[in-house]
Amino acid sequence: MKCPVCGYPESKVVDSRPVDDGNSIRRRRECLVCAKRFTTFEVVEALQIMVVKKNGSKELFDRTKLMAGILKATRKRPVEAEQIVNEIEAELQNALRQEVSSVEIGELVLEKLKSMDQVAYVRFASVYREFSDVDTFLDALKDLKRTSKKRKKPTVPEE
């Protein structure tokens, strides 16, 4: 790190501590030539994710849009929407891809809601999957019922 006083390109770290809930690090440094101390901050650079919409247009990932859709589906349900958004955003960041389709994001939401709350899942799926008639809606409900039965294992009474 270049010294702000003399411009020498090297310094030593004297003290480090996390700030902002561990999202950045504050470092006290000392110049190796003039011995002046100065402070630097290190912050993780978040990857800018572009969302490719169904019509082919692109826009920056917007967690508030995702949150709004999930909040509509989870209204008056015992589901923590913030947790879902945080998990999805973390998955997208960890994938290290600059572009992701809106379809993939929708599927991630459905996957999380399916395991958390079936009513919220159905609400989100009804908008996201754009059910054209009652039959497609019923098919989705039957599929949900089938998969929930597979997850619930019958309990055998102990003797």
Under the side-chain hydrogen bond (donor to acceptor under 3.5 Å, both in side chains) test, which residues partner [X], sequence neighbours left out?
| X | value |
| --- | --- |
| Glu80 | none |
| Arg27 | Ser16, Glu42 |
| Glu30 | Arg37 |
| Asn94 | none |

Tell me whether [X] contacts the main-chain N or O of [Y] through its side chain, where contact means a donor paired with an acceptor under 3.5 Å.
| X | Y | value |
| --- | --- | --- |
| Arg123 | Arg75 | yes |
| Ser101 | Glu104 | yes |
| Ser57 | Lys53 | no |

Is any side-chain heavy atom of [X] less than 4.5 Å from a side-chain heavy atom of [Y]?
| X | Y | answer |
| --- | --- | --- |
| Val19 | Ile25 | no |
| Val100 | Phe61 | no |
| Val122 | Phe124 | no |
| Lys12 | Arg28 | no |
| Cys6 | Cys31 | yes |
| Ile88 | Lys112 | yes |
| Phe38 | Cys3 | yes |
| Ser115 | Tyr121 | no |

Return each pair, listed once, that meets side-chain hydrogen bond (donor to acceptor under 3.5 Å, both in side chains) where at least one residue sits in residues 60-73; pairs must be two or more places apart or across chains.
Glu59-Lys65, Asp62-Thr64, Arg63-Glu82, Arg63-Asn86, Arg63-Glu89
Tell me whether [X] shares a hydrophobic cluster with [Y], the cluster being built from Ile, Leu, Val, Met, Phe, Trp, Tyr side chains joined at under 4.5 Å.
| X | Y | result |
| --- | --- | --- |
| Ile105 | Ile49 | yes |
| Ile84 | Leu71 | yes |
| Val51 | Val103 | yes |
| Met1 | Val5 | no |
| Met67 | Leu92 | yes |

Approximate separation, where rounding is to 0.5 Å, of [X] [atom1] and [Y] [atom2]:
| X | Y | atom1 | atom2 | result |
| --- | --- | --- | --- | --- |
| Asp143 | Leu138 | CG | CG | 12.5 Å |
| Arg97 | Glu99 | CZ | CD | 9.0 Å |
| Glu87 | Glu91 | CD | CD | 7.0 Å |
| Leu66 | Ser102 | CG | OG | 11.5 Å |
| Asp117 | Arg77 | CG | CZ | 4.0 Å |

For a side chain to side chain contact (heavy atoms under 4.5 Å, CB included) check, start with the C-alpha distance between Val109 and Lys114, then their side-chain angles and the critical distance, and finish with the verdict.
CA-CA 8 Å; Val109 173; Lys114 193 174 197 176; over 6 Å; no
Other cluster members, Leu60 - Ile/Leu/Val/Met/Phe/Trp/Tyr, side-chain contacts below 4.5 Å:
Met50
Evaluate whether atom CZ of Arg26 has more than 12 neighbouring non-hydrogen atoms of other residues, nucleotides or ligands under 6.0 angstrom away.
yes
Could you report the tightest heavy-atom contact between Ile70 and Ala81, atom names first, then the distance?
CG2-CB, 3.7 Å
